[in-house]
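Let me begin by presenting the structure, written as structure tokens, before commenting on it.
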Amino acid sequence: MVWGLDSDKDFSMGEAPIGQDLQNGNDNDFESKSGTFETSTIIGEKKYVIGGTAGETFYVKVQILDNNCLGEWVNVVELGTKPISCNGHSAVLLKDRILILKKNSNPDDCIWFLEVDTTYVRQQQKKNLGTEVVAWSKGVIGNVEKPVVISGPSGVGKGTLISLLMKEFPSMFGFSVSHTTRAPRGMEKDGVHYHFTEKNVMEKEIKDGKFLEFASVHGNLYGTSVEAVELVSDAGKRCILDIDVQGARSVRASPLEAMFIFICPPSMDELEKRLRDRGTETEEQVLKRLRNAQAEIEQGRSSGIFDHILFNDNLEDCYENLKKLLGLDEYATTPKSAPKEINLPRDHSVSKIDDKIIINSTSSKLEKESKNLIMLDVSCLKGGAPGRTRGLNIEAIDSFSEGFNGNGNGPI
Ligand SMILES: Nc1nc2c(ncn2[C@@H]2O[C@H](COP(=O)(O)OP(=O)(O)O)[C@@H](O)[C@H]2O)c(=O)[nH]1
Ligand SMILES: Nc1ncnc2c1ncn2[C@@H]1O[C@H](COP(=O)(O)OP(=O)(O)O)[C@@H](O)[C@H]1O
């Protein structure tokens, strides 16, 4: 059933039956509160008020009124990367998040999710007792291939294999540039091999929630920022992460779906030979890495974190096996479907039918005369805060042939 817009009704005390709340799309075309551009969405005993203006400035702020606390405004911790201000938005309640469609904004910046009850929010809520945690995630049309996490003991050949992959398939793969507090080696370039970072800077950014994972490895801090992965995916490339077993465990527990591959050496003697022949570590660092290697190999083979184990004995054989895992053998055909170029109308009203959001232009006469509505399908969402939310599908639908009338109400 398609529900019309009724944000002018006040469910401030949660009077409406939950079923009706779940179907309502709010729209701030009706100035829902004291002449400001805000939307309010009721979920159970809480009212989520989003947006607002200060003078001529529009901003995206989240306030939560909790009827369990005698109708008090509660402290809110907003995680993830929040949208920059916008002059108006629509809000649609989904199962565990609120879809925010910004108005009058660029096509690649208008779909956002405010997560209120996802696994990630619940995990973070445990660390922020006494406050209400929400998390922002930018919506991205279409899908990207799962990132690939490659782990293995120092000296096993991770970097060598990844370099071969990036050299043979430069348009298909992108490398997630980690942050580290260790010093650059030899020819390593800042921003290419690593973001070489001061410890206090990295610790602050970790506290600010900018990292997907981080770990202390061989006495230095290493970490993968959310943006390091998402920038590669935004470029339409498959992201490769070279991280240790601790990091792989964290990514496995995060919303980011990935393929996990562990690289094993043929023997500890061969591993030591490679590490020494590489000549990049001091004797003390070599011994520390070799001491850690045994435990890493044990973890790699028995922790259940990794989908695949590859033995890097003969480099060419191992590389061929890696390509087979990635579907790159000579028979592979990987059709690339470019995401559809359909822009949301600059001003719109919304309604919801199950997992389909119907977006109807309410702006210029020209757009109004367009007989197309936009349908945003949110039934196959992937990822989420602290990174992007992908898997959205968008279609232009002929409103007349679909039996929709002009104000967003459709077939009952
Ligand atoms: N958890 C985590 N580990 C990382 C990251 N970047 C690199 N590492 C791991 O840190 C370890 C040391 O990396 P590095 O100093 O480049 O030495 P290498 O393994 O001998 O090339 C390796 O096991 C890497 O996989 C990261 O962002 N997060
Ligand atoms: N299959 C292999 N056989 C022999 N040497 C190898 C093999 N794979 C990698 N190497 C060499 O071993 C050293 C360590 O490889 P590297 O890619 O730096 O390992 P990691 O990135 O896992 O620390 C490099 O000098 C590399 O040329």
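Indexing begins at 1, ligand by ligand and atom by atom, following the structure's order. Reckoned from all heavy atoms, side chains included, excluding hydrogens, waters and symmetry mates. This structure is a prediction, so every number in the text was calculated from the model and none was measured.
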Subject >> Interfacing atoms of ligand 2 (cut-off 4.0 Å, heavy-atom, Asp313) >> reply: 1 (N), 2 (C), 3 (N)
Original post:
With no hydrogens and no angle check, do the side chains of Thr280 and Arg278 hold a donor and an acceptor under 3.5 Å apart?
Top reply: yes
Original post:
Where's the contact between Arg278 and ligand 1, heavy-atom distance under 4.0 Å: side chain, backbone, both or neither?
Top reply: side chain
Original post:
In the protein, which heavy atom is nearest to atom 19 (O) of ligand 1, and how far is it?
Top reply: Lys158 NZ, 3.2 Å
**OP:** Write out the residue and atom name of the closest protein heavy atom to atom 21 (O) of ligand 2, then the distance separating them to 0.1 Å.
**Re:** Gly159 N, 2.8 Å
Original post:
So which protein heavy atom does atom 17 (O) of ligand 1 come closest to, and at what separation?
Top reply: Arg289 NH1, 2.8 Å
Original post:
With backbone taken as N, CA, C and O and side chain as the heavy atoms from C-beta onward, which portion of Ser163 lies under 4.0 Å from ligand 2: side chain, backbone, both, or neither?
Top reply: neither
Original post:
Under 4.0 angstrom from ligand 1, any heavy atom of Gly159?
Top reply: no
Subject >> Closest protein heavy atom (residue, atom, distance) for atom 13 (O) of ligand 1 >> reply: Tyr194 OH, 3.4 Å
Under 3.5 Å, sequence neighbours excluded: what are the donor-acceptor pairs made by side chains of residues 194-203?
| unit_1 | atom_1 | unit_2 | atom_2 | d |
| --- | --- | --- | --- | --- |
| Thr197 | OG1 | His195 | O | 2.7 |

**OP:** Just need the protein heavy atom nearest to atom 27 (O) of ligand 1, so name the residue and atom and give the distance.
**Re:** Ser178 OG, 2.7 Å
Subject >> Numbered atoms of ligand 2 (with element) below 4.0 Å of Leu315, judged on heavy atoms >> reply: 1 (N), 8 (N)
**OP:** Could you see which bit of Leu161 sits under 4.0 Å from ligand 2, with heavy atoms only: side chain, backbone, both or neither?
**Re:** neither
Original post:
Who's closest to atom 2 (C) of ligand 1 heavy-atom-wise, of Leu241, Val286, Asn292, Asp244?
Top reply: Asp244
**OP:** Do me a favour and list the nearest non-hydrogen protein atom to atom 11 (C) of ligand 1 with residue, atom name and distance?
**Re:** Val217 CG1, 3.7 Å
Subject >> From the candidates Cys318, Gly157, Pro265, the one that places a heavy atom nearest atom 19 (O) of ligand 2 >> reply: Gly157
Subject >> Heavy-atom nearest neighbour in the protein, as seen from atom 20 (O) of ligand 1, with distance rounded to 0.1 Å >> reply: Ser154 OG, 2.4 Å
Original post:
Is there any salt bridge (Lys or Arg N to Asp or Glu O under 4.0 Å) pair reaching into residues 242-261, and which pairs are they, with sequence neighbours excluded?
Top reply: Arg252-Asp307
Original post:
Between the side chains of Ser379 and Asp377, is a donor N or O closer than 3.5 angstrom to an acceptor N or O?
Top reply: yes
**OP:** Measure from atom 17 (O) of ligand 2 to every heavy atom in Thr160, Val156, Leu271 and give the option owning the shortest one.
**Re:** Thr160
**OP:** Out of His179, Arg185, Glu213, Gln246, indicate the one that has the non-hydrogen atom closest to atom 28 (N) of ligand 1.
**Re:** Glu213
Original post:
Which residue holds the protein heavy atom closest to atom 12 (O) of ligand 2, what is that atom called, and what is the gap in Å?
Top reply: Arg274 CB, 3.5 Å
Subject >> Under 4.0 Å to a heavy atom of Pro153 - the qualifying atoms of ligand 2, by number >> reply: 22 (O)
**OP:** Can you pull out the closest protein heavy atom to atom 12 (C) of ligand 1? Residue, atom name and distance to 0.1 Å, please.
**Re:** Tyr222 OH, 3.6 Å
Original post:
So which of Arg276, Arg185, Lys288 actually passes side chain to side chain donor-acceptor pair (under 3.5 Å) with Glu281?
Top reply: Arg185
Original post:
Of all the atoms in ligand 1, which lie at a distance below 4.0 Å from a heavy atom belonging to Arg182?
Top reply: 14 (P), 15 (O), 16 (O)
**OP:** Compute the shortest N/O to N/O distance between Ser154 and ligand 2 and return yes if it is under 3.5 Å, no if not.
**Re:** no
Subject >> Close-contact set for ligand 1 against Gly247 heavy atoms, below 4.0 Å >> reply: 1 (N)
Original post:
Got the closest protein heavy atom to atom 25 (O) of ligand 1, with its distance?
Top reply: Asp242 OD1, 2.7 Å
**OP:** Using heavy-atom distances, let me know which of Arg185, Glu270, Arg278 sits nearest atom 18 (O) of ligand 2.
**Re:** Arg278
